[in-house]
Peer 1: 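Sharing a structure below in structure tokens format, with a few things to ask.
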There are 2 protein chains.
Amino acid sequence: MTQNLDQTFASLGDPTRRQILIMLLEDDMAVTDVAEPFDISLAAISKHLQILTRAGLISQEKRGRVIWCKLQMHAMRDAAIWMESFGQLEQVNLDVFEAFLKDQTIRFD
Amino acid sequence: MTQNLDQTFASLGDPTRRQILIMLLEDDMAVTDVAEPFDISLAAISKHLQILTRAGLISQEKRGRVIWCKLQMHAMRDAAIWMESFGQLEQVNLDVFEAFLKDQTIRFD
DNA sequence: AACGAATTTAACTATATAATAAAATAGACT
DNA sequence: AGTCTATTTTATTATATAGTTAAATTCGTT
């Protein structure tokens, strides 16, 4: 669980990888096509794709000599859930704090 | 923008740092108190806090000889917005795809 | 001034990422 | 078999993280 979040968040911490994910939103892509818009080598892209795969953010499937990259939403969803929960906890605490302030106001006015 | 997301996501990719953020949800804390529940050295925690500060996920304020760490939500909110937008884009595309499929059905049946 | 507490910095080691260029695989095609 | 295409692997370099211990810094207090 924790380890997955580690890899998911770490993967998202790179702009090239985020851009790749956005590209894959439109459609599945071959590695070569993923690499096309970038100024870095194909080997570098290949490694980024490995990292994304390890994190579960994409999957790769070989058909013939082409490897197709496909977006996988569950990993990112888990990360989003972590963040949302975090936000809600803050929400709760703010509410508690507000209640506390109101309580104070009533008592001291 | 991109650089901030880089640092925010990268920061979240470490379980110690995520745990620290959760602790700070309850209240601001001194560096020593942040370090207390962990089995690693104070120096290591100090570096994690530097990374969190650089990412804008927390702020540090020195009062006397104590440095207080305070959660800052905007950075994480930006990251959450990126993820939410991402999810919505997928939503939109699925809708478009569904419409496309329906269109096909009408035309070929 | 001196002591002790809170925190960082320095020096060091190990590991992961990011990138490159060049060589190696693997599959399709003639 | 040989060639072209798609992709990975290897070797290499540079940088960042994660951790350690030990020394340095900064304040508050006596």
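What's counted below: heavy atoms across the whole structure, side chains too, no hydrogens, waters or symmetry copies. In what follows, chains carry the letters A, B, and so on, assigned in the order in which the sequence lines appear, proteins first and then strands, with residues in each chain numbered from 1.
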Peer 1: Taking the side chain of Asp14(B) as heavy atoms from C-beta outward, which of dT8(C), dT20(C), dA18(D) is closest to it?
Peer 2: dA18(D)
Peer 1: Using a heavy-atom cut-off of 4.0 Å across all strands, would you classify Lys47(A) as base, sugar-phosphate, or nothing?
Peer 2: base
Peer 1: Please state how far atom CZ in Arg54(A) lies from atom C1' in dT17(C), giving the value in whole angstrom units.
Peer 2: 9 Å
Peer 1: Among dT21(D), dT20(C), dT7(C), which is the nearest nucleotide to the side chain of Ser41(A)?
Peer 2: dT20(C)
Peer 1: Between atom CZ in Arg65(B) and atom C1' in dA24(D), what is the gap in whole Å?
Peer 2: 16 Å
Peer 1: Whole-Å distance between dA18(C) C1' and Phe38(A) CZ?
Peer 2: 14 Å
Peer 1: Atom CZ of Arg17(B) and atom P of dT17(D): how far apart are they, to the nearest Å?
Peer 2: 7 Å
Peer 1: Between dT8(D), dG19(D), dA6(C), which nucleotide gets closest to the side-chain atoms of Ala44(B)?
Peer 2: dG19(D)
Peer 1: Please answer whether the main-chain N or O of Leu12(A) pairs with a side-chain N or O of Arg17(A) as donor and acceptor at a distance below 3.5 Å.
Peer 2: no
Peer 1: Report which part of the nucleic acid Ile51(A) touches: base, sugar-phosphate, or nothing (heavy-atom distance under 4.0 Å, all strands).
Peer 2: sugar-phosphate
Peer 1: Just checking Arg63(B): base, sugar-phosphate only, or nothing, at a heavy-atom cut-off of under 4.0 Å?
Peer 2: nothing
Peer 1: Calculate the interatomic distance between Leu52(A) atom CG and dA18(C) atom P; express it in whole Å.
Peer 2: 10 Å
Peer 1: To the nearest angstrom, how far is Glu36(A) atom CD from dA6(D) atom C1'?
Peer 2: 15 Å
Peer 1: In terms of relative ring orientation, are Phe9(A) and Phe9(B) parallel, tilted or perpendicular, with 30° and 60° separating the classes?
Peer 2: parallel
Peer 1: Respond yes when some side-chain nitrogen or oxygen of His48(B) is under 4.0 Å from OP1 or OP2 of dG19(D), and no when none is.
Peer 2: yes
Peer 1: Where do Thr8(A) and Ala79(A) come nearest, in terms of heavy atoms and distance?
Peer 2: CG2-CB, 3.8 Å
Peer 1: Side chains of Lys70(A) and Glu61(A), heavy atoms from C-beta outward: is any pair under 4.5 Å?
Peer 2: no
Peer 1: Want to settle it: does Leu49(A) or Ala10(B) sit nearer the 5' end of DNA chain D, counting the closest nucleotide to each?
Peer 2: Leu49(A)
Peer 1: With side-chain contact (heavy atoms from CB on, under 4.5 Å) as the test, pick out the partner of Cys69(B) among Leu21(B), Ile45(B), Val31(B), Ile20(B).
Peer 2: Val31(B)
Peer 1: Relative to the 5' end of DNA chain C, which residue comes earlier, Gln50(B) or Gly64(A), by the nucleotide with the nearest heavy atom?
Peer 2: Gln50(B)
Peer 1: Measure the distance from CD1 on Ile40(A) to P on dT17(C) and round it to the nearest whole Å.
Peer 2: 15 Å
Peer 1: Rounded to whole Å, how long is the line connecting atom CG of Leu42(A) with atom C1' of dT25(C)?
Peer 2: 14 Å
